[in-house]
> 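One structure, as structure tokens, below. Some questions next.
Just so we're on the same page: letters track the sequence lines, and every chain starts at 1. Just so it is clear, the structure is predicted and the values come from calculations on it, not from any experiment.
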2 protein chains.
Amino acid sequence: MASLNPVTAFDVAQDLQQGIARGLSVPGARLESERSISQRLGTSRVTVREGLKLLEAEGVIYRSNRRGWYLTPARILYDPSRSAFFMDLLAGQGVTPFSRVLDQQTINADAPLAAQMGVSPGEPLLFLSRVRGAEDRPLCLDQVWLRSALLPGIAERNLEPSVSAVLREHYGQDYSRQTLNIRASTLTSAQAETLLAPVGYSCIRIDRLVRDGAGQVVECDTEIWRHEALQLSMDISPGH
Amino acid sequence: MASLNPVTAFDVAQDLQQGIARGLSVPGARLESERSISQRLGTSRVTVREGLKLLEAEGVIYRSNRRGWYLTPARILYDPSRSAFFMDLLAGQGVTPFSRVLDQQTINADAPLAAQMGVSPGEPLLFLSRVRGAEDRPLCLDQVWLRSALLPGIAERNLEPSVSAVLREHYGQDYSRQTLNIRASTLTSAQAETLLAPVGYSCIRIDRLVRDGAGQVVECDTEIWRHEALQLSMDISPGH
DNA sequence: TAGTGGTCTAGACCACCAT
DNA sequence: TGGTGGTCTAGACCACTAG
């Protein structure tokens, strides 16, 4: 009998996944509460949470901090090697996107940032910070540093919907020269708060340096994605 | 007094990170045991493990299953858009690489694989499975399916050190046309065993389809990396 | 305000690794 | 074989969310 052996975290994960497979939950729906699961399966809440975390790491479910566990909708397909218009990208995948500016100001490059961008410390940069997501679900934290010296008048332009569109149309930047760095990481407390996630939540971090025709850096970019929300998909071809 | 409040997982993580910053550990070295930490800080082992998991998710430390916690050496820098010779790639980064073949055989494509590769179900494919790592530390699980029909005699060749070198030299494949898919995932029990990780360990999964000049798929590839071991780094340029 | 998730305690047992 | 990590129990309290 299974009831003689302790219920394991794996058992919990399996039970929940069966429920999902049976259609008891639809994408985006909230799962049963932790206490309810533990009582139903006759196990402790610690074990239930371990089981939930297994599915979370897989990306099957996700957490909204202190709000509960939800069935993950389809991942966003994203090609970071091309400059995509975020709103169009998501709309094209059947979800309702949103983008909200958190901060926009001119700053002076500190030492680490200057080193990363290959500019002199203190050089003025236009900084822009945004949260982006689908429906009411925040998915991605986006920070951009633009080199004002190479982009005259950039601070006066409206960057709201799309930085890349402005750079393309007004400054002839085609994003054809980039350096991308991608790694798994975790959310700081500030990032977690913005993305409605617990501190330390797993994320994918994308760092981008965009160069102009002369090879000078014009834009530096950091995207922090909730790990379950993203599927990077890139087409590499000779003409690219 | 801090001793009046409970010691938190964050406190544990901070204490360990301070020890690391002070040079009490060197990259690759084993950390203090969990029980030792819990006694030293006056907290429970559960809290200690939560603290360790915070640093693990960040990639600062990693686990060797049932062996202990270790300080993570530098990440491997890897550009998946170029066909790299794994052994050279790692050697160039100052580590001693190894590659071990787990399995090599001719199989017939099942339905999902056939769909993914765009071939007929049942088509014969050469399958190759390898573990790869640095020093004695397994980092990556690599599975390759090669389309024998387009690569005559491939099954008789020695693919041991490098599949890409064989395809390049003998079949004129230059890996210039690829589709890459990258996402966060977790290790199955078999994968975990090979990578000396616990079941459900966070990983980065890279799926690759390589096409020849005519646009036909010649190779399908899956790489499963321990999440803390990898830093994807890509240069995108017009001539690429 | 009730119920939830987030966290911590203080144990326990087992399988496994290293010696 | 001793000590380790992996796991589970059975509580508890708090901050917060949702109604």
> Between B:Asn65 and D:dG6, is there a contact of a side-chain N or O with OP1 or OP2 at under 4.0 Å?
yes
> Do A:Gln17 and A:Asp15 have a side chain donor and acceptor closer than 3.5 Å?
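No, no side-chain donor-acceptor contact under 3.5 Å.
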> Of the nucleotides D:dA18, D:dG6, D:dA10, which one has an atom closest to the side chain of A:Arg67?
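That would be D:dA18.
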> Using a distance-only test with no angle check, is there a side-chain donor-acceptor pair under 3.5 angstrom linking B:Ser99 and B:Arg132?
yes
> Looking at the side chain of B:Thr8, which of D:dT4, C:dC8, D:dC8 is the nearest nucleotide?
C:dC8
> Between A:Thr47 and D:dT7, is there a side-chain N or O to OP1/OP2 distance below 4.0 Å?
no
> Report yes or no: is there a donor-acceptor pair, N or O only, under 3.5 Å between the side chain of A:Arg35 and the base of C:dG5?
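A donor-acceptor contact between them is present.
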> Base of C:dG11, side chain of B:Arg45 - is there a donor-acceptor contact under 3.5 Å?
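Donor-acceptor pair under 3.5 Å: no.
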> I want to verify a distance call: between C:dT9, C:dG5, D:dG5, whose nearest atom is closest to the B:Ser44 side chain?
C:dT9
> What nucleotide, of D:dT4, C:dG5, D:dG6, holds the atom closest to the side chain of B:Pro198?
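For the B:Pro198 side chain, the nearest candidate turns out to be D:dG6.
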> So what does A:Arg49 hit on the nucleic acid, given a heavy-atom distance under 4.0 Å: a base, only sugar-phosphate, or nothing?
base
> Any carboxylate oxygen within less than 4.0 angstrom of a Lys/Arg side-chain nitrogen, looking at A:Glu228 and A:Arg226?
yes
> Could you tell me whether B:Arg66 contacts a base, only the sugar-phosphate backbone, or nothing, with contacts defined as non-hydrogen atoms closer than 4.0 Å?
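Base, at least one base heavy atom under 4.0 Å.
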> Ring-plane angle category for B:Phe127 and B:Trp145, please: parallel below 30°, perpendicular beyond 60°, tilted otherwise.
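Geometry flag for B:Trp145 against B:Phe127: tilted rings.
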> Paired with D:dT1: which nucleotide, if any, by Watson-Crick or G-U wobble criteria at under 3.5 Å for both distances?
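Pairing partner, where one exists within any strand: C:dA18.
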